[in-house]
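Atoms considered below: every heavy atom in the structure, side chains included; atoms not considered: hydrogens, waters and symmetry mates. Throughout, a chain's letter reflects where its sequence line sits, starting with A, and its residues are numbered from 1. Computed from a predicted structure; not experimentally measured.
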Number of protein chains: 2
Amino acid sequence: MPDNAPPPAPAGRQDLAAMIVPLGRNLINAELPVLRAHDLAMWGYSVLLRLDDEPVRTQAALARDIGADKTRIIAILDDLDDRGWIRRQPDPDDRRARLLSLTPEGRRVRDSVQSAIQENEERLLARLDPADRKGFLNALQFLAALPAEEFTDEPVADD
Amino acid sequence: MPDNAPPPAPAGRQDLAAMIVPLGRNLINAELPVLRAHDLAMWGYSVLLRLDDEPVRTQAALARDIGADKTRIIAILDDLDDRGWIRRQPDPDDRRARLLSLTPEGRRVRDSVQSAIQENEERLLARLDPADRKGFLNALQFLAALPAEEFTDEPVADD
DNA sequence: TATTGTTATACTCTATAACTATA
DNA sequence: TATAGTTATAGAGTATAACAATA
């Protein structure tokens, strides 16, 4: 037990996961109509989001980053490629690897979907007390950025 | 667009779902070793949590409350019943229904698991700025209590 | 031999449909 | 006939294993 612990609040609140997981499910459900309107699936959107920041050098790295499997994203990449939303170019330096990048059209789709989604999210956040809203976003950004190993005492499968 | 909207912060942050869903996954992963130590699966733990507050009158209601399917919880209830952690008594007033309740042993297991889980969660929350932590929990409790319909403009399947 | 991408296969999870009993 | 619980089946989603190309 940590020595600086405030009262462990054993019955004071639900488990974080018990609140966060269903909340995530509701947020996903709110995204689905938007995604459907652009004929896009959740994994496809995840790929577009990940590629926005910077191109990615291998499909395996992309898969890992979005929490998927390298075998699972292939059909997704095929689909995005067919529509001209991403490019898959063989790396000249290592022809085994594929340089993944967003096309201008892909970026346009991504921006359009994301602003619709975030507009809806802002509608929810607007219902919060301003101070809570700020603390919520600060804390969420911090926690979401924590590497997976930080969540368990036990080492998580990580080799 | 809401008239009181602050700047929609289009590129300012990730989508809420994109932060919350992976965070939920990490929190679940952190729970798994604890659950395994009690030879309990996630759905079983969900059932114990739901039964804690008050007994439930039908299995279908229990399933709905924990976001499961009435056919899916049967094996889970069988298992919890076999271990003596829950009771399934036919309702004398309507012998089709099963009154579901926690046994003292079930409550003991639930408490033990939950305090281990929340102890770990407190370790994470302790890393937050105190004001953020408070805002985070306030906002989370509010958002987690929102009914599913509040998340979409479109009516969600609800008949 | 090791790695990237790919395909094929098997497995797990979940939902749909059909059945029994009570009402 | 309708509802609660149960069982059996089918489907979607996911991971594991084997393969081809390149290093």
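- In this entry the distance linking CD1 of Ile73(A) with C1' of dT4(C) reads 11 Å, nearest Å.
- Sorted by first and then second residue, the ring pair (Phe, Tyr, Trp, His ring centres under 6.0 Å) pairs involving residues 46-101 of chain B (not counting sequence neighbours) form an empty list.
- Applying the ring pair (Phe, Tyr, Trp, His ring centres under 6.0 Å) test to every pair with at least one member in residues 96-137 of chain A, sequence neighbours left out, gives these pairs: Phe136(A)-Phe136(B).
- Under the rule for a side-chain contact (heavy atoms from CB on, under 4.5 Å), the partners of Arg110(A) that lie at least two apart in sequence or sit in another chain are Leu48(A), Leu49(A), Asp52(A), Leu102(A), Gln114(A).
- One interatomic measurement links the two molecules: CZ of Arg98(A) to C1' of dA20(D), which rounds to 11 Å at whole-angstrom precision.
- The overall bend of the helix from dT1(C)-dA23(D) to dA23(C)-dT1(D), read as the angle between its terminal helix axes built from five base pairs each, is 10° when rounded to 10 degrees.
- In this structure, CD1 of Ile86(B) is placed 12 Å from P of dG5(D), rounded to the nearest angstrom.
- The salt bridge (Lys or Arg N to Asp or Glu O under 4.0 Å) analysis of residues 27-51 of chain B, with sequence neighbours excluded, yields the pairs Asp39(B)-Arg83(B), Arg50(B)-Asp65(B).
- Separation of atoms OG (Ser101(A)) and CZ (Arg107(A)) is listed at 9.5 Å; rounding is to 0.5 Å.
- Rounding to whole angstrom units, CZ of residue Arg57(B) and C1' of dG5(D) are separated by 13 Å.
- The pair Arg123(B)-Glu150(A) does not meet the salt-bridge criterion, since no charged nitrogen lies less than 4.0 angstrom from a carboxylate oxygen.
- Taking every heavy atom of both residues into account, Thr103(B) and Gly84(B) meet most closely at OG1-O, 2.5 Å.
- Regarding Arg64(B), its CZ atom lies at a distance of 16 Å from the C1' atom of dG5(D), rounded to whole Å.
- Linking Ile, Leu, Val, Met, Phe, Trp and Tyr residues whenever their side-chain heavy atoms come within less than 4.5 Å leaves Leu62(A) and Ile74(A) in two separate clusters.
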Contact letters for nucleotides 11-23 of chain C, in which S counts primed atoms plus P, OP1 and OP2 and B counts the base, heavy atoms under 4.0 Å: ---SBBB----BS
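- Regarding contacts with the backbone of dT6(D), a side-chain N or O of Arg88(B) is found under 4.0 angstrom from either OP1 or OP2.
- One atom, CD1 of Ile74(A), and another, P of dG13(D), lie 17 Å apart when rounded to the nearest Å.
- Note: CG (Leu100(B)) to C1' (dT6(D)) measures 14 Å, nearest angstrom.
- The only option from Arg88(B), Arg98(B), Arg72(B) that meets the salt bridge (charged side-chain N to carboxylate O under 4.0 Å, His left out) definition with Asp78(B) turns out to be Arg88(B).
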